[in-house]
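A, B, ... follow the sequence lines: proteins, then strands. Residue 1 opens every chain.
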There are 2 protein chains.
Amino acid sequence: MRVSAKADYAVRAVAELAASPDGPVKGERLADSQDIPLQFLEHILLDLKHSGIVRARRGAKGGYWLAKPAEDVSIADVIRAVEGPIAHVQSAPPESITYTGSARELQNVWIAVRASLRDVLESTSLADLVSGNLPDNVQRLADDKDAWEPR
Amino acid sequence: MRVSAKADYAVRAVAELAASPDGPVKGERLADSQDIPLQFLEHILLDLKHSGIVRARRGAKGGYWLAKPAEDVSIADVIRAVEGPIAHVQSAPPESITYTGSARELQNVWIAVRASLRDVLESTSLADLVSGNLPDNVQRLADDKDAWEPR
DNA sequence: TATTTCGCGATCAAATCGGTCAGCAGAATC
DNA sequence: GATTCTGCTGACCGATTTGATCGCGAAATA
């Protein structure tokens with residue numbers, strides 16, 4: 001249940017793209033501004049390109065840009081592009097698992113876990129992220145003082 | 001953002017313990033009833049013992065039992081015992097990370113992610129799990145038809 | 001044509017994952 | 001006290017993942 005460097009980098013990179021609306025942004029500039037190893041970032045951007053989130057052009061004046069309006073790209077989209085499906089259990093989607101005995105209800109718990117993650121990650125678009133205007137449900141969660149407590 | 005085999009096994013094992021209220025349950029019986037490799041399970045049970053969730057006795061008539069009432073053990077407790085902190089980003093707790101530039105708001109998103117996971121995993125106790133009586137917020141999430149859709 | 005920049009596979013060290021093995025340490029039984 | 005049962009624990013293992021670097025090819029521009 002952790003967020004990988006790859007996912008973190010990916011979101012930061014596309015956030016930077018969402019904030020640079022006009023024209024291609026070079027990989028190097030993304031790497032610099034978000035302090036991400038350039039060559040690692042290029043692989044990530046390739047993943048993002050393959051899943052249709054960014055587009056790219058080579059050569060001088062080349063770079064990366066969002067393939068869609070920032071409002072139409074959710075953080076969930078970005079994470080799935082680089083990490084694969086969210087909240088799989090033992091590499092299988094929770095809806096495909098059946099438990100027996102005392103763990104019979106566990107499937108519902110994993111489904112709820114996935115749903116709650118989706119509630120946050122799918123409702124937040126890149127536009128929300130860069131504007132600082134997070135969706136109400138997300139902002140409410142982040143405003144809870146208890147949410148900032150380590151455990 | 002996935003649930004490891006270890007975490008899945010751990011929850012299933014303690015669910016089995018929660019449903020066997022009287023006396024120690026042998027590792028072998030837990031392994032059999034939940035179809036978990038015995039020797040792997042023993043390591044997991046050791047983790048659970050070290051974090052005070054389970055107690056054990058050796059020898060004939062030995063086995064494992066819950067150290068606390070099933071109502072007082074959350075699924076979050078179990079996952080933390082075997083996987084460590086929930087929703088860390090790049091191995092660091094989200095409250096300790098500061099982002100710059102267009103990603104400045106990202107910290108709030110990760111905090112919200114952790115909070116939403118906690119809402120599910122900390123509110124659900126082992127007693128809830130084995131009784132099938134999940135907390136309202138969890139049951140609501142699991143009842144949403146959309147939550148069962150793969151993506 | 002030269003330069004710039006992305007595309008992409010190969011490779012790499014380290015960590016993690018899922019799991020097995022073997023031997024030791026208590027607890028009960030005979 | 002000896003034996004048996006069962007948990008305790010560290011070592012180990014192969015495969016995969018993680019986080020990253022290298023090198024070269026292929027476009028795009030100047």
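- Atom CD of Glu28(A) and atom P of dC6(C) are 9 Å apart (whole Å).
- Here the P atom of nucleotide dA27(D) and the OH atom of Tyr64(A) are 15 Å apart, to the nearest Å.
- In this structure, Ile44(A) places its CD1 atom 11 Å from C1' of dT18(D), rounding to the nearest Å.
- Note on Lys61(B): every side-chain N or O is 4.0 Å or more away from OP1 and OP2 of dA28(C).
- Computed from coordinates, the Lys49(A) NZ to dC8(C) C1' distance equals 10 Å when rounded to whole Å.
- Where Leu38(A) and Gly59(A) meet DNA chain D, the nucleotide closest to each residue was compared, and Leu38(A) sits on the side nearer the 5' end.
- Atoms CD1 and CG, from Ile75(B) and Leu129(B) in turn, are 5.0 Å apart once rounded to the nearest 0.5 Å.
- Note on His50(A): every side-chain N or O is 4.0 Å or more away from OP1 and OP2 of dG7(C).
- Residue Tyr9(B) has no polar side-chain atom (N or O) positioned under 4.0 Å from OP1 or OP2 of dC17(C).
- Nearer to the 5' terminus of DNA chain C, by closest-nucleotide assignment, is the contact made by Glu83(B) (compared with the other of Glu83(B) and Ala60(B)).
- To the nearest 0.5 Å, the span separating CG on Asp146(B) from CZ on Arg151(B) amounts to 4.5 Å.
- Across dA27(D), dG19(D), dG19(C), the shortest atom-to-atom separation from the side chain of Arg58(A) is found for dA27(D).
- As a whole-Å value, the separation of Asp35(B) CG from dG19(C) C1' is 14 Å.
- Residues Phe40(A) and Val89(B) share a single hydrophobic cluster, defined by chaining ILVMFWY side chains whose heavy atoms lie under 4.5 Å apart.
- No side-chain heavy atom of Val73(B) sits under 4.5 Å from any side-chain heavy atom of Val14(B).
- Rounded to an integer number of Å, the gap from Gln90(A) CD to dT16(D) P is 16 Å.
- Within 3.5 Å, no donor on the side chain of His43(A) pairs with an acceptor on the base of dG19(D), nor the reverse.
- The side chain of Ala56(B) sits closest to dC8(D) out of dG19(D), dG18(C), dC8(D).
- The listed nucleotides are dT21(D), dG19(C), dC8(D); the one nearest the side chain of Phe40(B) is dG19(C).
- For the pair Arg2(A) and dT16(C), the criterion of a side-chain N or O lying under 4.0 Å from OP1 or OP2 is not met.
- For Ile36(B) and dG19(C), the CD1 to C1' distance is 13 Å, given to the nearest whole Å.
- For dT6(D), one of the phosphate oxygens OP1 or OP2 lies less than 4.0 angstrom from a side-chain nitrogen or oxygen of Lys26(B).
- Leu45(A) places its CG atom 15 Å from the P atom of dT5(C), with the value rounded to the nearest Å.
- Interatomic distance, CG of Asp119(B) versus OG of Ser116(A), reported as 7.5 Å (0.5 Å rounding).
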